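First up is the structure itself, then whatever we jot down about it.
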Number of protein chains: 2
Amino acid sequence: MMELTRKGEYAIRAILYLARQPTGRLSLVGEIAGSAGVPRTFLSKILQQFTRTGLVSSFRGTGGGFTLARDPAGITLLEVVEAIEGPVLPNRCLVGEGTCERDGTCRVHEVWGRVRDEMVSILAGVTIEELARAREGSAGDGLAKSS
Amino acid sequence: MMELTRKGEYAIRAILYLARQPTGRLSLVGEIAGSAGVPRTFLSKILQQFTRTGLVSSFRGTGGGFTLARDPAGITLLEVVEAIEGPVLPNRCLVGEGTCERDGTCRVHEVWGRVRDEMVSILAGVTIEELARAREGSAGDGLAKSS
DNA sequence: TACCTATTGGACCTTTTTTGTCTTTTTATA
DNA sequence: TATAAAAAGACAAAAAAGGTCCAATAGGTA
Ligand code: SF4
Ligand code: SF4
């Protein structure tokens, strides 16, 4: 239930790869795809989407490639997944008022609202920079252990 | 992103309808479908699934129909959606150890774990009985207002 | 200028999931 | 026996997921 798509998962891996490169260095699609374990042509589409939303900058021609457009410490996981998968919406009635004619009397509506708010809050609370840091020993990293 | 399916939404509405009936009263598929705004034949499948998981009991023949198998105060929203949509899994790597070969070093993994835990916690915290109560004026209902 | 390199855009495709329908069978009642 | 209602299962259209392929474009380089 409620699974992230491959596209979303791939997108995160790609961003993480870019975040781990030295500032200013350009990476090629094939290089990212190889390292992140993502089909090259599919990743190409994902990166295009990122450049359109402004999270990634691209350069064509010899010596071209991709790089993060902003400081990874300022990019949240929420931004990354929403850039690719759209807004976090556990139920359609959250799209806007009147999507469901029952939303005036429905108590479930507000439960989904809370679910969304929590998800947004968690995803917005973690930056790409934190996630990109290699984890050795994983002690004292400040992240909850849950599975 | 991460949307509940129609099936899941319909399932909740159906359970809520049953929860609002006087204890022991049987409801027909057509009756539930009409009231909940769900295609009759589709709802039929959903109810069958509920009877298999034991949340709903069914009786065939004249005077037959469906009724909740348990006290609505003891059924959580989590049980209802998991009965129909399966376990809450925001990412495949939460299915089990080793689903993703990166899960040993991946910091994102634990973020999805937290997302799942929060979702489970919210959905498990609300009962069908609370949800089924008609809301008039909606004051002091103890539920957060978020959209 | 010609050539190479790399992203861009868009059409296209296959598979899976979603969202149902229809028909037949089983079980229970009158 | 006739009727009522759920159960089971096959079927199918539509949408979404998960990609592929190729021509076009933009930027370097000889
Ligand atoms: S949760 Fe309530 S408001 Fe939202 S779609 Fe379902 S019935 Fe409508
Ligand atoms: S979040 Fe990490 S562990 Fe989970 S699928 Fe993605 S890379 Fe693998």
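Just so it is clear, the values below take in all heavy atoms, side chains as well, and ignore hydrogens, waters and symmetry mates. All chains are named by letter (A, B, ...) in the order of the sequence lines, taking the proteins before the strands, and each is independently numbered beginning at 1. Computed from a prediction, not measured in an experiment: that's the story for all the values here.
Between the CZ atom of B/Arg25 and the P atom of D/dA5 there is a distance of 12 Å, rounded to whole Å. Rounding to whole angstrom units, CG of residue A/Leu28 and C1' of D/dG27 are separated by 14 Å. Rounded to an integer number of Å, the gap from CZ of B/Arg6 to P of C/dT18 is 13 Å. Rounded to an integer number of Å, the gap from A/Arg52 CZ to C/dT7 P is 15 Å. Taking atom CZ of residue B/Arg92 and atom P of nucleotide D/dA17, one finds them 10 Å apart after rounding to whole Å. One atom, CD1 of B/Ile84, and another, P of C/dT19, lie 13 Å apart when rounded to the nearest Å. Summarising the geometry, the separation between CD on A/Gln49 and C1' on D/dA17 is reported as 13 Å, rounded to the nearest angstrom. The nearest whole Å value for the distance from the CD atom in A/Glu85 to the P atom in D/dA17 is 7 Å.
Near DNA chain C, defined here as any heavy-atom distance below 4.0 Å, the residues from residues 54-72 of chain A are A/Ser58, A/Phe59, A/Arg60, A/Gly61, A/Thr62, A/Gly65, A/Phe66, listed numerically. Contacts between residues 40-48 of chain B and DNA chain C, defined by a heavy-atom separation below 4.0 Å, involve B/Thr41, B/Phe42, B/Lys45, listed by number.
Between the side chain of B/Gln48 and the backbone N or O of B/Lys45, no donor-acceptor pair lies under 3.5 Å. Not one N or O on the side chain of A/Arg40 forms a donor-acceptor pair closer than 3.5 Å with the backbone of A/Ala33. Of the possible donor and acceptor atoms, one in the side chain of B/Glu82 sits under 3.5 Å from a partner among the backbone N and O of B/Val88. B/Arg116 places no side-chain N or O within 3.5 Å of a backbone atom of B/Val111 that could act as its donor or acceptor partner. Although no hydrogens or angles enter the test, the distance criterion places no donor-acceptor pair under 3.5 Å between the side chain of B/Gln49 and the main chain of B/Ile46. Between the side chain of B/Glu3 and the backbone N or O of A/Met2 there is no donor-acceptor pair closer than 3.5 Å. Between the side chain of B/Glu85 and the backbone N or O of B/Thr5 there is at least one donor-acceptor pair closer than 3.5 Å. Between the side chain of B/Arg102 and the backbone N or O of A/Ala36 there is at least one donor-acceptor pair closer than 3.5 Å.
Closest approach of B/Ile75 and B/Glu79 over heavy atoms only: CA-OE2, 3.5 Å. Between A/Arg13 and A/Gly37 the shortest heavy-atom distance is NH1-O, 3.8 Å.
At the phosphate of C/dG20, OP1 or OP2 sits under 4.0 Å from a side-chain N or O atom of B/Tyr10. Residue A/Thr51 has a polar side-chain atom (N or O) positioned under 4.0 Å from OP1 or OP2 of C/dT8.
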Legend entry - Step-by-step salt bridge (Lys or Arg N to Asp or Glu O under 4.0 Å) determination, B/Arg133 to B/Glu129: CA-CA 7 Å; B/Arg133 284 201 294 259; B/Glu129 189 269 332; 2.9 Å; yes

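Taking the C1' atoms of five terminal pairs at each end of the helix from C/dT1-D/dA30 to C/dA30-D/dT1, the two resulting helix axes are inclined by 0°, rounded to 10°.
Of the candidates C/dT21, D/dA17, C/dT8, the closest approach to any side-chain atom of B/Pro39 belongs to C/dT21.
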